[in-house]
Amino acid sequence: MRRSTTESRALQIVLIAIALLFLAFFLALPLIAVFGEALKAGFGPFLDAVTAPDALSAIKLTLLIAAISVPLNLVFGVAASWAITKFQFRGKSLLISMIDLPFSVSPVVSGLIFVLLFGASGWVGPWLAEHDLKIIFAVPGIVLATVFITFPFVARELIPLMMEQGKDEEEAAISLGASGWQTFRHVTLPNIRWGLLYGVLLCNARAMGEFGAVSVVSGHIRGETNTMPLHVEILYNEYDFVGAFAVASLLAGLALVTLIAKTVLEWRFNLHGSARH
Amino acid sequence: MTASSAAAMRRRWRQPSVLPGFGLTFGLSLGWLTLIVLIPLATIFLKSAGMGWDQFVAVGLSDRALAAYRLSFGTAAAAGLVNAVFGLLVAWVLVRYTFPGQRIIGAIVDLPFALPTAVAGIALTALYSPSGWVGRFLDPLGIKVAFTPIGITVALVFIGLPFVVRSVEPVLADLGNDVEEAAATLGATRLQTFRRVIFPAIAPALLTGFALAFARGVGEYGSVIFISGNMPGRTEIAPLLIVTQLEQYNYDGATAIATVMMLVSFAILLALNVVQAAGRHRYGA
């Protein structure tokens with residue numbers, strides 16, 4: 001029997017087919033192309049490309065940048081979510097919109113603002129030069145641009161989750177004599193850990209993969225300020241396509257791990273949620 | 001001011017709570033926000049304000065810049081429309097129907113969020129260049145994708161798709177069956193039900209998704225510069241023009257272009273917000 005609030009199976013199949021075809025062309029094919037082009041010349045050249053000294057130093061720098069910027073934004077994200085979801089105050093929605101600001105700014109502009117501040121002819125630039133400090137075209141500039149770009153990720157993930165959970169459990173803990181820190185560790189943290197982990201994963205993926213902002217502030221000094229995405233660009237512009245796609249495939253692997261972790265977390269989320277209620 | 005009126009003011013600003021840590025967490029987030037986001041962003045506007053109108057116009061509104069804005073905003077709008085149609089279809093299929101591999105498909109929609117833009121850029125170029133995986137079949141037909149505005153649009157469709165799907169999906173899932181049943185009982189065809197009942201309910205979410213994808217597309221850099229070919233006046237996007245100015249150490253020029261881009265983006269997003277608020281008012285949702 002055909003239900004009146006759904007489509008015929010034939011129409012369903014047509015719509016599913018169109019959707020899948022679209023996703024195949026726009027999402028799956030580019031992903032396959034990365035690995036296909038990387039392994040085009042076989043496994044040897046792939047391995048050579050990712051173990052070249054410049055590639056290794058780019059990988060090291062990318063890991064370092066993520067290791068600095070992700071924890072910073074993790075602390076910020078948790079603090080902001082606590083203030084926003086556990087208290088009522090004026091200007092709250094303004095604060096939330098301001099946290100989202102980096103999302104609506106072009107990555108290139110995100111890099112530009114730090115050049116304007118700390119570059120040679122920037123506002124703080126002369127003072128920095130006097131004290132022999134280098135921010136632009138150096139690692140601190142890359143960290144700043146990355147922190148700016150990944151600023152909203154953890155908070156964005158936590159705010160809706162903590163809003164939904166309310167503050168009854170925390171208030172109960174406090175009235176039973178727990179300290180603020182104890183309440184956070186034993187009541188809040190167990191409730192938000194999966195959302196927090198997902199926010200950190202997204203933040204990390206973006207921190208490692210950011211291109212536009214980092215490209216503006218890095219100066220592209222090989223072996224020094226070259227991150228993995230920038231190294232991909234350099235190799236590509238030198239027509240070393242196998243090398244470019246080899247390094248790119250490492251980043252694509254990171255993206256895949258992030259997506260798989262997300263899917264697993266969502267599955268656990270639902271399990272967790274339904275077990276609790 | 002007396003102590004009690006000061007306390008009353010505090011109360012009005014923030015409602016009392018038994019939970020601790022407001023000062024610490026609020027101070028930490030506002031301080032960090034000011035330091036990392038607000039002060040750096042303010043430099044753009046301070047710098048353009050201090051530059052003088054003539055200088056601002058010379059680069060910010062030059063023919064080359066105007067062509068770049070047209071291209072960036074035009075391709076972002078085109079990609080946003082493509083995503084509005086196909087993103088809605090993907091969300092619909094994921095929420096309403098069951099098919100094998102649904103979970104994997106649902107997960108892969110987020111790929112553009114997780115895949116670095118430069119990787120997407122070189123992958124799309126490998127696919128759509130005239131000798132590429134897909135391009136070699138399109139080239140004999142006279143369809144050029146890479147190094148044309150179509151290529152830029154393809155890259156922006158890739159980047160923007162999850163914004164639309166993830167905006168529409170929850171609204172579609174929450175939509176109760178009862179209104180559709182009521183429409184069917186009253187003799188509406190399925191298409192009428194979709195047009196009159198379902199679409200108005202999901203339209204605000206669809207518009208939000210479009211706006212997010214559009215805003216992201218206007219500023220997008222990494223995935224576009226490889227496939228666009230970067231010919232000044234023809235396939236040179238606005239963010240690339242900023243980089244070009246920076247490479248020539250023309251900081252004023254870069255700032256002027258960035259300012260125009262941000263002002264136009266904010267104006268468009270504001271307009272979309274107004275449309276959405278009006279729509280909400282009309283449908284009372």
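Residue numbers start from 1 in every chain, and the chains themselves are labelled A, B, ... in the order their sequence lines are given, proteins ahead of strands. FYI, side chains are in, hydrogens and waters are out, and symmetry mates aren't considered; it's all heavy atoms of this structure. These figures come from a predicted structure and were not determined experimentally.
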A.B. asks: So do B/Arg103 and A/Trp267 actually touch side chain to side chain, heavy atoms under 4.5 Å?
C.D. replies: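 In short, these two side chains touch, coming nearer than 4.5 Å.
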
A.B. asks: Do A/Val216 and B/Tyr221 come close enough that some side-chain heavy atom pair is under 4.5 Å?
C.D. replies: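 Heavy-atom side-chain distance check fails, nothing below 4.5 Å.
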
A.B. asks: Flag the one option from A/Ala248, A/Ser249, A/Gly122 with the top tally of heavy-atom pairs under 4.5 Å to chain B.
C.D. replies: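 So the answer, after comparing A/Ala248, A/Ser249, A/Gly122, is A/Ala248.
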
A.B. asks: A/Phe22 vs B/Phe86 aromatic rings, parallel, tilted or perpendicular, using cut-offs 30° and 60°?
C.D. replies: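 Ring orientation, 0 to 90° scale: parallel.
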
A.B. asks: Could you go step by step and tell me if A/Phe103 and B/Leu212 meet the side chain to side chain contact (heavy atoms under 4.5 Å, CB included) rule?
C.D. replies: CA-CA 9 Å; A/Phe103 276 160; B/Leu212 289 172; over 6 Å; no

A.B. asks: Does B/Trp32 reach the side chain of A/Asn73, with side-chain heavy atoms less than 4.5 Å apart?
C.D. replies: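 Result yes, sub-4.5 Å side-chain heavy-atom pair found.
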
A.B. asks: Can you say whether A/Trp123 sits under 4.5 Å from chain B via the side chain, the backbone, both, or neither, judging by heavy atoms?
C.D. replies: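 Only the side chain of A/Trp123 comes within 4.5 Å of chain B.
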
A.B. asks: Are side-chain heavy atoms of A/Glu7 and B/Tyr97 found at a separation under 4.5 Å?
C.D. replies: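 Yes, side chains in contact.
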
A.B. asks: If you count the non-hydrogen atoms of other residues, nucleotides and ligands that lie under 6.0 Å from NZ in A/Lys92, is the total more than 12?
C.D. replies: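 Result for NZ/A/Lys92: enclosed.
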
A.B. asks: Relative to chain A, which segment of B/Ala254 carries a heavy atom at a distance below 4.5 Å: side chain, backbone, both, or neither?
C.D. replies: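 Its backbone and side chain both get close to chain A.
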
A.B. asks: With chain B as the partner, which of A/Leu116, A/Val78, A/Thr183 has the greatest number of non-hydrogen pairs under 4.5 Å?
C.D. replies: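 Most pairs with chain B among the choices: A/Leu116.
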
A.B. asks: What part of B/Leu161 lies closer than 4.5 angstrom to a heavy atom of chain A: side chain, backbone, both or neither?
C.D. replies: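 Side chain only.
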
A.B. asks: At a heavy-atom distance under 4.5 Å, which candidate from A/Leu29, A/Leu20, A/Leu202 has the highest pair count against chain B?
C.D. replies: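 When all of A/Leu29, A/Leu20, A/Leu202 are compared, A/Leu29 has the most.
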
A.B. asks: Minimum heavy-atom separation for A/Ala79 to B/Leu28, with atom names?
C.D. replies: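 Residues A/Ala79 and B/Leu28, closest heavy atoms: CB-CD2, 3.7 Å.
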
A.B. asks: Before you tell me yes or no, could you show the steps for A/Ile13 and B/Phe99 under side chain to side chain contact (heavy atoms under 4.5 Å, CB included), namely the whole-Å CA-CA distance, both residues' side-chain angles and the distance that decides it to 0.1 Å?
C.D. replies: CA-CA 9 Å; A/Ile13 289 171; B/Phe99 54 93; over 6 Å; no

A.B. asks: Of the non-hydrogen atoms in B/Pro40 and A/Phe114, which two are nearest, and what is the gap between them?
C.D. replies: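 Between these two residues, the closest heavy atoms are CG-CE2, 3.8 Å.
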
A.B. asks: Above 12 or not: heavy atoms from other molecules or residues under 6.0 Å from CD1 of B/Ile104?
C.D. replies: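 No, the 6.0 Å shell around CD1 holds no more than 12 heavy atoms from other groups.
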
A.B. asks: Pick one of side chain, backbone, both or neither for B/Ser17, based on which atoms fall under 4.5 Å of a heavy atom in chain A.
C.D. replies: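 The side chain, not the backbone.
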
A.B. asks: Roughly how far apart are B/Asp110 CG and A/Lys262 NZ, rounded to 0.5 Å?
C.D. replies: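 Reported value, rounded in 0.5 Å steps: 3.5 Å.
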
A.B. asks: Once you round to the nearest 0.5 Å, how far does CG of B/Leu41 lie from OG of A/Ser110?
C.D. replies: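 It comes to 7.5 Å.
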
A.B. asks: Give the minimum heavy-atom separation between A/Gly180 and B/Pro20, together with the two atoms involved.
C.D. replies: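 Closest approach of A/Gly180 to B/Pro20: CA-CG, 3.5 Å.
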
A.B. asks: What's the separation between atom CD in A/Gln12 and atom OG1 in B/Thr98, rounded to the nearest 0.5 Å?
C.D. replies: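 Nearest 0.5 Å value for the CD-OG1 distance: 7.0 Å.
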
A.B. asks: Could you tell me which non-hydrogen atom of A/Phe148 sits nearest to which non-hydrogen atom of B/Val37, and how far apart they are?
C.D. replies: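 Taking A/Phe148 first and B/Val37 second, the nearest heavy atoms are CE1-CA, 3.8 Å.
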
A.B. asks: Side chain from CB out, backbone as N, CA, C, O: work out which of these in B/Val154 comes under 4.5 Å of a heavy atom of chain A, or both, or neither.
C.D. replies: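 For B/Val154, the contact with chain A is made by backbone and side chain together.
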
A.B. asks: Which atoms of A/Phe25 are under 4.5 Å from chain B, going by heavy atoms: the side chain, the backbone, both sets, or neither?
C.D. replies: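 Contact with chain B involves both backbone and side-chain atoms of A/Phe25.
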
A.B. asks: As an exercise, state the distance from CD1 of B/Ile257 to OG of A/Ser106, rounded to the nearest 0.5 Å.
C.D. replies: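 Reported value, rounded in 0.5 Å steps: 11.5 Å.
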
A.B. asks: Side chains of B/Val119 and A/Pro229: does their closest heavy-atom pair fall under 4.5 Å?
C.D. replies: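 Sidechains of A/Pro229 and B/Val119: no contact.
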
A.B. asks: Working to the nearest 0.5 angstrom, can you tell me the gap between A/Phe76 CZ and B/Leu30 CG?
C.D. replies: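 It is 9.0 Å, given to the nearest 0.5 Å.
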
A.B. asks: Looking only at heavy atoms and a cut-off of under 4.5 Å, which of A/Ile174, A/Ile32, A/Leu251 has the most pairs with chain B?
C.D. replies: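 Greatest number of close heavy-atom pairs with chain B: A/Leu251.
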
A.B. asks: Go through A/Leu112, A/Val105, A/Val34, A/Ile99 and name the one with the most non-hydrogen pairs under 4.5 angstrom from chain B.
C.D. replies: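 Winner by heavy-atom pair count: A/Leu112.
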
A.B. asks: Which residues in residues 80-90 of chain A have any heavy atom lying under 4.5 Å from a heavy atom of chain B?
C.D. replies: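 If one takes a 4.5 Å heavy-atom cut-off, the residues of residues 80-90 of chain A near chain B are A/Ala80, A/Trp82, A/Ala83, A/Lys86, A/Phe87, A/Gln88, A/Phe89, A/Arg90.
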
A.B. asks: With a 4.5 angstrom heavy-atom cut-off, is it the side chain or the backbone of B/Ile122 that approaches chain A, or both, or neither?
C.D. replies: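 The answer is both parts of B/Ile122.
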
A.B. asks: Just give me the residue among A/Asn204, A/Leu23, A/Thr258, A/Leu201 that pairs up with chain B most often, heavy atom to heavy atom, under 4.5 Å.
C.D. replies: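 Going by pairs under 4.5 Å, I would pick A/Leu23.
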
A.B. asks: Indicate the atoms forming the closest heavy-atom contact of A/Thr263 with B/Ala107, along with that distance.
C.D. replies: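 Between these two residues, the closest heavy atoms are OG1-CB, 3.2 Å.
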
A.B. asks: If I take atom CD1 from residue B/Ile108 and atom CZ from residue A/Phe26, how far apart are they, to the nearest 0.5 angstrom?
C.D. replies: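 So the gap between those two atoms works out to 14.0 Å.
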
A.B. asks: Which heavy atom of A/Val108 sits nearest a heavy atom of B/Pro239, and at what distance?
C.D. replies: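 Looks like CG1-O, 3.6 Å.
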
